[in-house]
Amino acid sequence: MEWLEAQGVTGFGRPTDKLSIFEADAGQRGVIALQAIAEGEQLVRLPLRLALTDHPGDEESNQLVYEGAPWSVRLAAKLLREASKQDASPWFPFIQALPASVDTPLDFEWEVLQQVEDPFMGQALDAAGWLTQDAYPRLDPSAIGNASREEFEWAHQVVLSRTFGSAGEDGGVGVRFLMPILDMLNHGGDQTPLLLSDPPMAQDDVRWNLVSPDANDESTWEIVLTANKAVEANDEVLLSYGERSNDEFFGAYGFVPPRNPHEEMVLFGDIIEALEWHHHFYPPPNAKEERVDTAAKYEAVLDTIKEQEEGDLSKVPASIKTEAFLQDRKRIRIGAADNLDGRLHAAYEGLARIEGRGMDHAFWAIMLRCMELLSERSPILTDLTILADPARNPEPHEQAYWTTILQYYTNAIRWFDSSPFKAEIDDLLSRRPKVEKPEVPSAESLPWSSQLSLVVTFRTYKKMIAWDTIIALAAELNQVPLAPSQQS
Ligand SMILES: C[S@@+](CC[C@H](N)C(=O)[O-])C[C@H]1O[C@@H](n2cnc3c(N)ncnc32)[C@H](O)[C@@H]1O
């Protein structure tokens, strides 16, 4: 605290200030209001020079770190260089306050990670693990203060779970930085009351802004923390880490926010995979059609989508268009609240038009894909039963939530099973080629742990998204009288 005061930080940690750090049982820390706070109150001022930064123009990093290293590797290397200087580093008190370990899925047990069930999350975790493995031997010891592999892994996880980014001039990310105090705030984002498609409420209490009274004099720049709403004394103060899907919160930060309306599920790796899948399940209605004619139809649809993609991409700031971003953007997702990827809908509608199928075909096809993905995972009702089990989930609010949700999806699935869609979908799914898969033990048979609880929660939200899409599309197709009631 003395260090913060000496650095010119105001509004934090002294007995008269309104905010302070608290530590929970498991060693997790957060920020608490010591007194009532009014909406709009400016709470903390942090001089920008306190930030440990990385940006493409950082000469020291450009010299020491290998070319093409991702920002997270560069910032982790910088953190380790400062750590190695011990108390000769101006950031030493900050570095000492960083968590000794960061519990993210990168360190989870193998049996637990096998329960994730989402192949795209699995790939993302493999890629994140590989990035650390690949980076360490490529870094000269002088770039990382002679850190060991374990120390580098720690620094990389610290960076992934605690970095903030300023807005860049082109609308992308400008400078990425680690900032004392700001990094003690836990996430409170948008949250829905029950289903992911329900209207959300924002849970964050504060926001940060970069203020630059004199644009030419960086020594005057500050990060200012301001209250978004009134906060009562003794309440935890939360900051939104942004509108992200659970993949990012789970993969980089090691938690799953409750009822996140920005949750998504990947249906296909890219639009080509989506078209190949379509061709398998919905071969051309005219059996005599030549292969070349079919190929031409698919190519016409693909060209239209690619043109649209290129148009959309041209509006994206250059600083955002990293290789990882472009790869991720190819993925075809569904979100909460009937949120379909426009490319998928346009592609399937385009094919329906060319092939003379009904215009509701796209909805049928997407519903089928959701069912297929669900059929490859453990049943949602089993997961919900686990999460609603008081022996596994003793927290009363959570248990009550999962019990209500279990009831809702029990009704929803009963409703779907008696709908006209069920037989047709089952028939289509029975035509899938059989794929041999390795046997994975059920989650129920594994010892219950906080890691397993997190993984089961993560995969359950994915299944909720898929079921919500099926229900919304079925209602849209209007062949059934009513969507299931939310009441039990
Ligand atoms: C920026 S730090 C926040 C401070 C951190 N709690 C600490 O003890 O140093 C981000 C980490 O805090 C935890 N965290 C933040 N928000 C959370 C939330 N809403 N639920 C659970 N854990 C959260 C996660 O471990 C995450 O990796």
Side-chain angles (χ1 to χ4, degrees), residues 1 4 12-13 19-33 44 46 50-52 72 75-76 79 83 91 93-108 124-125 128 132 153-166 176-192 200-208 223 225 228 231 235-263 387 393 395 397-398 401 449-458 461:
M1 292 304 162
L4 292 173
F12 199 90
L19 296 184
S20 187
I21 290 178
F22 75 92
E23 191 163 332
D25 296 343
Q28 276 284 347
R29 297 152 308 173
V31 174
I32 190 169
V44 182
L46 301 154
L50 276 183
L52 200 62
S72 56
L75 194 46
L79 174 61
W91 285 283
F94 165 60
I95 294 170
Q96 281 180 308
L98 289 171
S101 66
V102 184
D103 201 18
T104 72
L106 292 180
D107 295 325
F108 280 14
L125 292 175
T132 320
E153 284 171 2
W154 166 82
H156 199 221
Q157 277 176 306
V158 161
V159 160
L160 290 177
S161 62
R162 304 179 89 85
T163 299
F164 294 86
S166 69
R176 289 194 167 85
F177 59 88
L178 293 168
M179 179 59 109
I181 305 305
L182 199 58
D183 77 337
M184 287 293 175
L185 285 152
N186 287 319
H187 167 76
D190 292 339
Q191 189 172 313
T192 71
M201 288 261 294
Q203 304 295 310
D204 56 325
D205 307 296
V206 288
R207 62 178 181 276
W208 65 269
I223 298 280
L225 202 63
N228 283 338
V231 182
D235 276 359
E236 182 175 3
V237 173
L238 299 170
L239 173 78
S240 171
Y241 295 178
E243 296 181 358
R244 305 158 180 227
S245 78
N246 288 354
D247 294 29
E248 287 190 57
F249 291 115
F250 176 66
Y253 295 89
F255 72 94
V256 176
R259 286 129 41 215
N260 174 9
H262 310 292
E263 170 60 332
L387 293 171
N393 217 344
E395 209 282 308
H397 277 101
E398 282 195 26
Y401 171 72
S449 64
S450 55
Q451 291 185 358
L452 187 57
S453 166
L454 200 66
V455 168
V456 173
T457 307
F458 172 81
Y461 280 125

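Atom set for the values below is all heavy atoms of this structure, side chains included, hydrogens, waters and symmetry mates excluded. Indexing begins at 1, ligand by ligand and atom by atom, following the structure's order.
Using a non-hydrogen distance threshold of 4.0 Å, L185 registers as a contact of ligand 1. Heavy-atom separations between Y241 and ligand 1 include at least one value shorter than 4.0 Å.
By the 6.0 Å and 45° rule, R259 stacks over the aromatic ring of Y401.
F458 and F250 have parallel rings, their planes meeting at less than 30° on a 0 to 90° scale where 60° marks the start of perpendicular. Between Y253 and F249, the two ring planes are tilted [angle within 30° to 60°].
Between the W91 side chain and the L79 main chain, no donor and acceptor come within less than 3.5 Å of each other. Side-chain atoms of D235 do not come within 3.5 Å of backbone N or O of A33 as any donor-acceptor pair. Between the side chain of D183 and the backbone N or O of T163 there is no donor-acceptor pair closer than 3.5 Å.
If you number the atoms of ligand 1 from 1 as listed, the ones under 4.0 Å from a heavy atom of F255 come out as 14 (N), 15 (C), 16 (N), 17 (C), 18 (C), 19 (N), 20 (N), 21 (C), 22 (N), 23 (C), 24 (C). Ligand 1 places these atoms under 4.0 Å from at least one heavy atom of H187: 15 (C), 16 (N), 17 (C), 19 (N). Ligand-side atoms of ligand 1 in range of S161: 1 (C), 2 (S), 10 (C), 27 (O), range being under 4.0 angstrom from any heavy atom. Ligand 1 places these atoms under 4.0 Å from at least one heavy atom of D183: 1 (C), 2 (S), 3 (C), 4 (C).
Taking all atoms of both residues into account, the shortest heavy-atom contact from A97 to M184 is O-CE, 3.9 Å.
Looking at Y253 against ligand 1, both its backbone and its side chain come within 4.0 Å, counting heavy atoms.
Of the polar atoms of Q28, at least one N or O is found under 3.5 Å from an N or O of ligand 1, judged by distance alone.
Here the shortest heavy-atom distance to atom 8 (O) of ligand 1, taken over Q157, R29, M179, E236, belongs to R29. Within the set L454, N186, V31, the minimum heavy-atom distance to atom 14 (N) of ligand 1 is found for N186.
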